[in-house]
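The structure under discussion appears below in the form of structure tokens.
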Amino acid sequence: VQLQASGGGLVQAGGSLRLSCAASGRTFSRYIMGWFRQAPGKEREFAAAVSWSGGRTEYADSVKGRFAISRDNNKNMVYLQMNSLKPEDTAVYYCAASRDDYYTSELYDYWGQGTLVTVSS
């Protein structure tokens, strides 16, 4: 599976962005898809994940209620809708694919190249 993230940019606090992740490969629908982020000087952290069917979603406490992850298996796409953005959401956001884990980055098999989100105060 090859992944390519897009949609990052500069936004003011309180604004919204939607990230997209395009996946190649016929087995896309078999994977849990996740979004992780890495802020400057910090370790990469889990943000959100969605099951292969889209029926289960998981979120980090820091984004719960503000972010929404979704997927379209017909289009091989994953999305992260980010609302009420805060300066602390500034990070490089990565999409990734996992066979059986939602939260642990080390258990994700494939990674996209990342897209930068900058939230100004």
Side-chain angles (χ1 to χ4, degrees):
V1 176
Q2 292 185 324
L3 305 171
Q4 184 163 357
S6 62
L10 175 64
V11 63
Q12 288 188 333
S16 298
L17 277 177
R18 189 175 83 152
L19 304 183
S20 299
C21 178
S24 63
R26 298 180 180 178
T27 60
F28 168 76
S29 62
R30 299 179 187 177
Y31 286 88
I32 295 166
M33 296 300 298
W35 286 95
F36 288 76
R37 64 185 185 180
Q38 187 166 19
K42 295 187 177 181
E43 293 187 352
R44 187 164 54 192
E45 64 176 10
F46 168 78
V50 60
S51 64
W52 65 271
S53 68
R56 173 183 172 184
T57 56
E58 300 290 341
Y59 297 95
D61 288 343
S62 57
V63 308
K64 200 172 294 184
R66 301 187 297 121
F67 289 12
I69 188 171
S70 61
R71 69 190 295 163
D72 185 336
N73 287 340
N74 291 325
K75 296 181 179 179
N76 280 15
M77 295 292 295
V78 181
Y79 307 99
L80 186 67
Q81 178 66 42
M82 305 186 296
N83 300 324
S84 302
L85 282 162
K86 305 175 182 180
E88 51 264 44
D89 294 319
T90 295
V92 176
Y93 284 72
Y94 299 89
C95 62
S98 170
R99 295 182 186 272
D100 56 14
D101 194 85
Y102 285 84
Y103 305 102
T104 309
S105 62
E106 290 81 0
L107 298 180
Y108 275 71
D109 303 289
Y110 303 98
W111 291 83
Q113 85 288 3
T115 184
L116 176 62
V117 172
T118 303
V119 184
S120 63
S121 57

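The chain is numbered in sequence order, starting from 1. What you see below is based on every heavy atom in this structure, not just the backbone, and it leaves out hydrogens, waters and symmetry mates.
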Summary of side-chain hydrogen bond (donor to acceptor under 3.5 Å, both in side chains) pairs that have at least one residue in residues 54-68, sequence neighbours excluded: R37-S62, R56-E58, E58-Y103, D61-K64, R66-D89
Write out all pairs satisfying disulfide (SG to SG under 2.5 Å) with one or both partners inside residues 17-75, taking only residues at least two apart or from two chains. C21-C95
Which pair of non-hydrogen atoms, one from S51 and one from Y102, has the smallest distance, and what is that distance? CB-OH, 3.1 Å
What orientation do Y93 and F67 show, parallel under 30°, tilted 30 to 60°, or perpendicular over 60°? tilted
Roughly how far, to the nearest 0.5 Å, is the CD atom of Q38 from the OG1 atom of T90? 13.5 Å
Evaluate side chain to side chain contact (heavy atoms under 4.5 Å, CB included) for V11 paired with T118, printing each intermediate quantity in order. CA-CA 6 Å; V11 63; T118 303; over 6 Å; no
Measuring from atom OG of S53 to atom CZ of R30, what distance do you get when rounded to the nearest 0.5 angstrom? 15.0 Å
Begin with the C-alpha distance, continue with both residues' side-chain angles, and end with the deciding distance and a verdict on side chain to side chain contact (heavy atoms under 4.5 Å, CB included) for S16 and M82. CA-CA 5 Å; S16 298; M82 305 186 296; over 6 Å; no
Do R44's NZ or CZ and the ring of Y94 fall within the cation-pi criteria of under 6.0 Å and 45°? yes
Heavy-atom count check: over 12 atoms from other residues, nucleotides or ligands less than 6.0 Å from Q2 CD? no
Answer with yes or no whether the hydrophobic clustering places L80 together with V117; edges join I, L, V, M, F, W, Y residues whose side-chain heavy atoms lie under 4.5 Å apart. yes
Please say yes or no: joined through hydrophobic side-chain contacts below 4.5 Å, possibly via intermediate residues, are I32 and L19 part of one cluster? no
CA sep, side-chain torsions, deciding dist, call: D101, S98, side-chain hydrogen bond (donor to acceptor under 3.5 Å, both in side chains): CA-CA 6 Å; D101 194 85; S98 170; 5.5 Å; no
Answer yes or no for R99 and Y31: cation-pi contact, defined as NZ/CZ to six-membered ring centre under 6.0 Å and angle to ring axis within 45°. no
Do side-chain atoms of N76 reach the backbone of G25 as a donor and acceptor pair under 3.5 angstrom? yes
Looking at F28, is R71 sitting on its ring face, NZ or CZ under 6.0 Å from the six-membered ring centre and within 45 degrees of the normal? yes
Sequence-distant partners of F36, ring-ring contact (aromatic ring centres under 6.0 Å, His included), two or more places apart: F46, Y108, W111
Answer yes or no: is there a donor N or O on one side and an acceptor on the other, between the side chain of T115 and the main chain of G8, under 3.5 Å? yes
Under the criterion side chain to side chain contact (heavy atoms under 4.5 Å, CB included), I'd like the reasoning laid out for Y79 against I69: C-alpha separation, chi angles, the key distance, then a yes or no. CA-CA 6 Å; Y79 307 99; I69 188 171; over 6 Å; no
Examine V78 and Y110 and state if one hydrophobic cluster contains both, with Ile, Leu, Val, Met, Phe, Trp and Tyr joined whenever side-chain heavy atoms are less than 4.5 Å apart. yes
For Q4, does the CD atom sit with more than 12 other heavy atoms under 6.0 Å from it, leaving out its own atoms? no
Short side-chain to backbone donor-acceptor contact, Q113 and A5, under 3.5 Å: yes
